[in-house]
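The structure under discussion appears below in the form of C-alpha cells.
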Amino acid sequence: MRTIDEYNFAGKKALVRVDFNVPLDAEYRITDDTRIRAAVPTIQKILADGGAVILMSHLGRPKAGPEEKYSLKHLVNRLSQEFNTTVLFAEDCVGPQAAQMAHDLKPGEILLLENLRFHKAEEKGDADFAKELATLGDVYVNDAFGTAHREHASTAVIARYFPKDKVMGYVMTAELENARRVLGNAERPYTAIMGGAKISDKILIIEKLMDRVDNLLIGGGMSYTFVKADGGQIGSSLVEEDKIDLAKRLIAMAREKGVNLMIPVDSVVADAFSNDANIDTSLSHHIKPLWMGLDIGPTAREQYADVIRNSKTILWNGPMGVFEMSNFSVGTEAVADAVVDATRMGAYSLIGGGDSAAAVNKFGYADKVSYVSTGGGALLEYMEGKTLPGVAAIERDDY
Ligand code: 3PG
Ligand code: MG
C-alpha cells in the first residue's frame with residue numbers, strides 16, 4: 001500500500017470518500033464542522049499536486065431516496081469558503097450530470113457529489129453502483145474513517161476498481177495511528193472513561209479494555225444498570241434490565257483482573273427528563289422512586305478527576321450525563337477539565353465517539369487534548385479488534 005504522501009496527483013482526478021456526515025440544525029446550518037476541518041489536509045495535498053478533487057460522502061440515514069434535510073448541497077458554501085473556490089455540486093452522485101461534471105473537472109477544482117445514500121445500492125455494497133462511481137476518477141482516496149466500519153459501495157467495494165491507485169487519506173492514517181497508541185503498549189496508569197446511554201453499545205470494548213487498563217470509569221445512563229447490578233435503588237433512572245447480569249459479570253471480571261472499576265458514588269438526579277425539572281444530588285445507590293440520575297454527582301466528579309489527573313494514558317468515549325442540558329453537563333465538563341489537565345502534564349488523551357467529541361468541542365477543549373477522533377462506531381469496532389472494511393479495502397491487494 002502506498003501512502004498519500006508517496007502519491008503524485010498531478011493531472012489526476014481523485015475520487016475522495018470523506019465522512020461529511022455532520023450535524024445540521026433546522027436551517028441546515030452545520031453545528032459541528034470537525035469532520036470537514038479534518039479532511040482539509042488531504043484535499044489540499046491533492047490540489048497542491050495539481051490534481052482535481054471529487055468528494056463523495058453520505059449524510060444521515062435517508063430511508064428511501066433523496067430528502068432535503070440530508071442533501072450535501074448544504075455543505076457547498078462551507079467548503080467553498082474553506083478552499084477559496086467555488087465548489088461544484090452534482091445533484092446525483094451517479095448518472096449523466098455527475099459523469100459530465102467529473103469529465104470537465106480541471107486541476108485545482110473541487111466537485112462535491114450528492115449524498116451516496118440516496119441510492120440504496122450504496123449501503124448494499126452493490127458492485128455495479130461502485131463501478132459507476134469508480135468511472136468518475138483516476139485514483140481512489142479513502143479518508144472516511146468514521147464510516148470505515150461499513151462495507152458499503154463507496155467505502156470498500158469501490159477499491160477493487162482501483163487495484164493500483166488506492167490510498168488512505170491523512171484522516172484515516174492519523175486515526176489508525178492514534179487508536180493503535182491506546183491499543184499497544186500504553187503508558188500507565190491507563191484510564192478508560194466510558195459513558196453514554198447504553199451498556200449494550202459498549203460491552204465488547206469494556207471487555208477488551210479490562211485486559212489493558214488500570215482504571216475504568218463508568219458514567220452516563222449506563223451507570224445505573226451497573227448500580228442496579230450492584231444492589232442499588234435507582235428510582236426511574238435509565239436501565240437495561242436484560243444487561244444486569246452482564247453488568248454483574250463485568251464487575252466480577254474487574255475484581256479478578258485487578259482493574260479499578262468505578263461506578264459514580266453519587267448522581268445529579270431530577271424528577272423529569274428536562275433541564276427545567278427539580279434537581280437534587282443523591283447517592284447513586286439510593287435514588288428516590290420516580291427520580292432519575294442524569295449526571296454524575298459532586299463526589300464522583302472529584303474522584304474521577306483525581307484518577308484522570310494521575311493518568312498517563314486516557315481513552316474517553318461517551319459523556320457522563322445529559323450534557324446537552326446545562327443542568328446535567330457539569331460531570332462531563334469536570335471530566336473534560338481533568339483530561340485537559342492530565343494532557344498538559346504529559347498524558348496522552350484520545351477522545352472518541354461522536355458525543356464525547358461534541359462535548360470536547362462544546363467546552364472549547366479540542367486543541368487541549370491529544371487527539372479527537374472523527375469516528376464513533378468505527379473507532380469502537382477497531383478497538384474491539386474487528387477488521388474495518390474501509391481499511392482492509394485499501395491495505396489488502398486482493399480486496
Ligand atoms: C457516523 O456518524 O457514525 C458515521 O458517519 C457512519 O454513519 P452510520 O452510522 O449511519 O453508518
Ligand atoms: Mg454511527
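Read the numbers this way: they start at 1 and go in the same order the structure lists the ligands and their atoms. Since the structure is predicted, the reported quantities are computational estimates derived from the model, not experimental observations.
- Under 4.0 Å from ligand 1, not a single heavy atom of H152 appears.
- When the options R61, H58, E123 are ranked by their closest heavy atom to atom 9 (O) of ligand 1, first place goes to R61.
- In terms of polar-atom proximity, H149 is not counted as a contact of ligand 1, lacking any N or O under 3.5 Å from an N or O of the ligand.
- Under a cut-off of 6.0 angstrom, the local environment of NZ in K198 is sparse, with at most 12 non-hydrogen atoms contributed by other residues, nucleotides or ligands.
- With R309 as the fixed residue, the side chain to side chain donor-acceptor pair (under 3.5 Å) test singles out one of D341, D337, T191: D341.
- Applying the salt bridge (charged side-chain N to carboxylate O under 4.0 Å, His left out) rule to pairs touching residues 234-248 yields K228-E241, sequence neighbours excluded.
- Residue contact annotation: G376 has no non-hydrogen atom under 4.0 Å from ligand 1.
- Ligand 1 places these atoms under 4.0 Å from at least one heavy atom of N21: 1 (C), 2 (O), 4 (C), 5 (O), 7 (O).
- Within ligand 1, counting atoms from 1 as listed, the ones closer than 4.0 Å to a heavy atom of R150 are 8 (P), 9 (O), 11 (O).
- Applying the salt bridge (charged side-chain N to carboxylate O under 4.0 Å, His left out) test to every pair with at least one member in residues 45-58, sequence neighbours left out, gives these pairs: K45-D49.
- Counting the atoms of ligand 1 from 1 in the order shown, those under 4.0 Å from a heavy atom of D19 are 4 (C), 5 (O).
- Looking at R117 next to ligand 1, an N or O pair under 3.5 Å apart turns up.
- In this structure, R117 fails the cation-pi test against Y70, since its NZ or CZ atom is not both closer than 6.0 Å to the six-membered ring centre and inside 45 degrees of the ring normal.
- Classification of the Y382-F145 ring pair by plane angle, with boundaries at 30° and 60°, yields perpendicular.
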